[in-house]
Each structure stands twice: as C-alpha cells, then as structure tokens.
Amino acid sequence: MPMRNRLAEQMPLPQAPLARLLAINLAIGAAVTLLLVGGLLALNPSGLRDLIFADRSPGIALALLLMSFFITFASMAMGTAIMGLGQHEADGNPRGPRRLAVEHLIRAIRR
C-alpha cells in the first residue's frame, strides 16, 4: 500500500479547502514551535534550560513556553496563508505564476 494512502487513512484532512489550508498551516506552526523550543533548550541561552529544570515543577514552565510559542507561530502561519490567498499574479510572469509554499507542498504530495 502506498505511503500516501496509509497516511491519509491514519490522519484524514478536512475536505473543505479552507479548513484543509488552516489544518496544514496549523501543523506547520506546531512544527516550528517544536523546533524553536527544542533549539532553545539545546542551546541554553542565558541559562534558560537550567532555570526551567531547576524549578520544582519544570513541566508547567515548559507547557507555558510551548503553548505561548504554539499560539504565536500557528496563528502566524494560518494568518499568512489566509492573507496570501488572493496574491496570485497573472501568467505573464517569466518565472510562472507566484504560488504559496503550501501549494507546492500539496502538489508534491499528490504526485
């Protein structure tokens, strides 16, 4: 069974185009959040990791950090996708029409 079909069965995306666009960009925002928080913990700028894990309950500090980054970056990704919906140019562009990164991703997945 192809990987794409197996993935579609496990995690079905909404069929409405706008809901699908928002779900994809929500996932992009979540991935960026995990990368940035992981990077902050790995690099330990100004002793942030030491400060978090020296607390009696580091889970609360990590949860607050993750959720605040998630709200910020997921809403930024979804807002950027929504605002970029009407920015297609005419086909007269020598490099072809401008496309959003999500459109390239969707086309690559469908191939």
Derivation and outcome, side chain to side chain contact (heavy atoms under 4.5 Å, CB included), residues Val32 and Phe69: CA-CA 9 Å; Val32 169; Phe69 271 52; over 6 Å; no
Nearest-0.5 Å distance, [atom1] of residue [X] to [atom2] of residue [Y]:
| X | Y | atom1 | atom2 | answer |
| --- | --- | --- | --- | --- |
| Asn44 | Leu41 | CG | CG | 8.0 Å |
| Ile82 | Ser75 | CD1 | OG | 12.0 Å |
| Asn25 | Arg20 | CG | CZ | 12.0 Å |

Heavy-atom closest pair, residues [X] and [Y]:
| X | Y | value |
| --- | --- | --- |
| Thr33 | Leu66 | CG2-O, 3.6 Å |
| Ala61 | Ile52 | CB-CG2, 4.1 Å |
| Leu40 | Pro45 | O-CD, 3.2 Å |

Sequence-distant partners of Ala74, side chain to side chain contact (heavy atoms under 4.5 Å, CB included), two or more places apart: Leu26, Phe70
Residue list, side chain to side chain contact (heavy atoms under 4.5 Å, CB included) with Leu51, at least two apart or on another chain: none
Path from [X] to [Y] over hydrophobic side-chain contacts below 4.5 Å:
| X | Y | result |
| --- | --- | --- |
| Leu64 | Phe73 | no |
| Ile71 | Leu34 | no |
| Ile28 | Leu18 | yes |
| Leu65 | Met76 | yes |

Contacts of Asp55 that satisfy side-chain hydrogen bond (donor to acceptor under 3.5 Å, both in side chains) - sequence neighbours left out: none
Leu48 CG: over 12 foreign heavy atoms closer than 6.0 Å: yes
